[in-house]
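Labels below follow one simple rule: chain letters A, B, ... track the order of the sequence lines, proteins then strands, and each chain is numbered from 1. All of these numbers come straight from a predicted model, not from anything done at the bench.
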2 protein chains.
Amino acid sequence: MSSNHREAILAAAKDAAQARGYSGLNFRDLGEVVGIKSASIYYHFPSKADLGAAVARRYWQDTAAELETMLAEMPDPASCLRRYPELFRRSLANGNRLCLCSFMSAEFDDLPEPVKTEIQTFADISVAWLGKVLAAANGSSPEDNQAQARAIFAAVSGAQLMARSRADIGLYDTLIESYRVAGLLPA
Amino acid sequence: MSSNHREAILAAAKDAAQARGYSGLNFRDLGEVVGIKSASIYYHFPSKADLGAAVARRYWQDTAAELETMLAEMPDPASCLRRYPELFRRSLANGNRLCLCSFMSAEFDDLPEPVKTEIQTFADISVAWLGKVLAAANGSSPEDNQAQARAIFAAVSGAQLMARSRADIGLYDTLIESYRVAGLLPA
DNA sequence: ACCTGAACACCGTTCAAGT
DNA sequence: ACCTGAACACCGTTCAAGT
């Protein structure tokens, strides 16, 4: 109950940041969505930087949990790799939104240090997961697959960005398919 | 003389937008760089939207010219493809900046319609050029290479974005190399 | 514990007025 | 033609005051 507003702020801030970035986050709109005054948000988060870092932290934690669940429920690594792009697809399906990490990567120059750290962790856990799954798929070590894991992460991010710029989720699907044809992603 | 300020504004705005995006563009800073008051900028560009569109238009025009020059000076399509990523590399080398089109793609929701149009043209001319060069390289038609051309554009954009988030141009080079290994880019 | 009203400093933007 | 001063609206933040 007492933490309801805190959670609601985190959720609203996540949605807003995926659509308008860190610089587009503003406490007045957030307060309106949550149903409290903007000043009240400072009771839960001492500054915008703190809120941004909390949102980014929660974002990679949720993603990490989801990736682990996927791997647990579907131990076949090839299937996991095939389904990985669905993660980014869902943001597009949800109001043509971008990965939080991508948007904030663009905003690198204006990001408070703690926020930078958290979005780097998002990339780190994604790449680590991809490396692990690639390794399981081809019987080598995760270290040997780090380069391809990073390439997949970067390429999928780029596909999402391009699709967003046209508000065209079909373009995303086409790009992912092209990555498979080219051999960047396993068919 | 009279157009000096106009050109200086365009140049300063381009640099700023590649570092802080359209939303990060601000007339006070721009005026300071150019040496006039922020209000004076409105004489040259009736609104921020107009300035943004003008910057984006100039950006794709310059890029289109550069790509055509490259193709004219180095008719070997394989060499052109090998050098294509240098375009994005240069933005990173220039103060860890992002492609204007990428930043504004992230900002899609808050972009005035004319700005959207111009950055889509940037993607269009890039993809068209890549399709043309790919076709010349493998003896088919540009249409048959559209999918791969778009995939290359998206992937290279993603690599630049990821490298920016670490301020690590070496990561960009590694990612491009991984694309080559995977077969997305010709070796 | 949790929230608000009111205020402050700052900044993007506008526009009537200058030369 | 080109520029500016002054004002407006907005936003992040603070804080004393409410319950």
Side-chain angles (χ1 to χ4, degrees), chain A residues 1-56 100 103-104 106-107 109-116 118, chain B residues 1-56 100 103-104 106-116:
Chain A
M1 186 97 349
S2 79
S3 66
N4 260 357
H5 278 172
R6 192 175 198 280
E7 288 301 315
I9 293 164
L10 279 174
K14 188 200 115 198
D15 280 354
Q18 285 187 260
R20 294 163 149 56
Y22 178 79
S23 87
L25 265 186
N26 85 76
F27 281 37
R28 274 195 242 263
D29 288 352
L30 245 35
E32 216 155 290
V33 172
V34 174
I36 57 177
K37 294 292 157 187
S38 64
S40 307
I41 298 174
Y42 285 85
Y43 174 75
H44 299 283
F45 302 95
S47 74
K48 182 176 175 176
D50 285 284
L51 173 59
V55 167
L100 187 75
F103 212 135
M104 292 191 171
E107 293 176 297
D109 282 7
D110 294 319
L111 243 38
E113 208 54 54
V115 180
K116 276 184 193 166
E118 300 296 345
Chain B
M1 184 96 352
S2 79
S3 67
N4 261 358
H5 278 172
R6 192 176 199 279
E7 288 300 316
I9 294 164
L10 278 174
K14 188 200 116 201
D15 281 354
Q18 285 187 259
R20 294 165 147 58
Y22 178 79
S23 88
L25 265 186
N26 85 76
F27 281 36
R28 267 197 250 263
D29 289 351
L30 245 35
E32 217 155 290
V33 172
V34 174
I36 57 177
K37 294 291 157 186
S38 64
S40 308
I41 297 173
Y42 287 85
Y43 173 75
H44 300 281
F45 302 95
S47 72
K48 183 175 176 178
D50 284 285
L51 173 59
V55 168
L100 186 76
F103 212 136
M104 293 192 172
E107 293 176 298
F108 182 81
D109 282 8
D110 295 318
L111 242 37
E113 208 54 52
V115 181
K116 277 184 193 166

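Near DNA chain D, defined here as any heavy-atom distance below 4.0 Å, the residues from residues 30-40 of chain B are Ile36(B), Lys37(B), Ala39(B), Ser40(B), listed numerically. Contact check of residues 14-23 of chain A against DNA chain C (heavy atom, cut-off under 4.0 Å) returns no residues at all.
Contact annotation: Asn26(B) does not reach the phosphate of dC11(C) (side-chain N/O to OP1 or OP2, under 4.0 Å). In terms of phosphate contacts, His5(B) brings a side-chain nitrogen or oxygen within less than 4.0 Å of OP1 or OP2 of dC3(D). For Lys48(B) and dG12(C), the shortest distance from a side-chain N or O to OP1 or OP2 is not below 4.0 Å. Between His44(B) and dC3(D) there is a side-chain N or O to OP1 or OP2 distance below 4.0 Å.
Tyr43(A) places its OH atom 13 Å from the C1' atom of dT19(D), with the value rounded to the nearest Å. Atom CZ in Phe45(B) sits roughly 15 Å away from atom P in dT14(C) (whole-Å rounding). Between Tyr42(A) atom OH and dC15(D) atom C1' the separation is 13 Å, expressed in whole Å. Between the P atom of dA9(D) and the CZ atom of Arg28(B) lies a distance of 15 Å, rounded to the nearest Å. The distance from atom CG of Asp50(B) to atom P of dT13(C) is 12 Å, rounded to the nearest whole Å. If you take CG of Asp29(B) and P of dC11(C), they are 9 Å apart, rounded to a whole angstrom.
For Phe27(A), the ring pair (Phe, Tyr, Trp, His ring centres under 6.0 Å) partners are Tyr42(A), not counting sequence neighbours. Not counting sequence neighbours, Ala39(B) has no partner by the side chain to side chain contact (heavy atoms under 4.5 Å, CB included) test.
For residues 33-44 of chain B, no pair satisfies salt bridge (Lys or Arg N to Asp or Glu O under 4.0 Å), with sequence neighbours left out. Listed by first and then second residue, the salt bridge (Lys or Arg N to Asp or Glu O under 4.0 Å) pairs involving residues 8-31 of chain B are Asp109(A)-Arg20(B), Asp110(A)-Arg20(B) (not counting sequence neighbours).
In this structure, CG in Leu30(A) is found 10.5 Å from CD in Glu32(A), a value given to the nearest 0.5 Å. To the nearest 0.5 Å, atoms CD (Glu107(B)) and CE (Met104(B)) are separated by 6.5 Å.
Nucleic acid contact class of Leu25(A) (heavy atoms, under 4.0 Å, all strands): sugar-phosphate only.
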So which protein nitrogen or oxygen atoms get under 3.5 Å of nucleotides 16-18 of chain D's nitrogens or oxygens?
none

When the side chains of residues 45-52 of chain A are checked against the rest of the protein, which donor-acceptor pairs come out under 3.5 Å, sequence neighbours left out?
unit_1   : atom_1 : unit_2   : atom_2 : d
Ser47(A) : OG     : Ala49(A) : N      : 3.3
Ser47(A) : OG     : Asp50(A) : N      : 3.2
Ser47(A) : OG     : Asp50(A) : OD2    : 2.7
Lys48(A) : NZ     : Tyr22(A) : O      : 3.0
Lys48(A) : NZ     : Leu25(A) : O      : 3.0

- Paired and unpaired positions of DNA chain D as dot-bracket, Watson-Crick or G-U wobble under 3.5 Å, | denoting a partner strand: ||.|||||...|||||.||
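Side-chain proximity of Phe27(A) to dG12(D), dA1(C), dC3(D): nearest is dG12(D).
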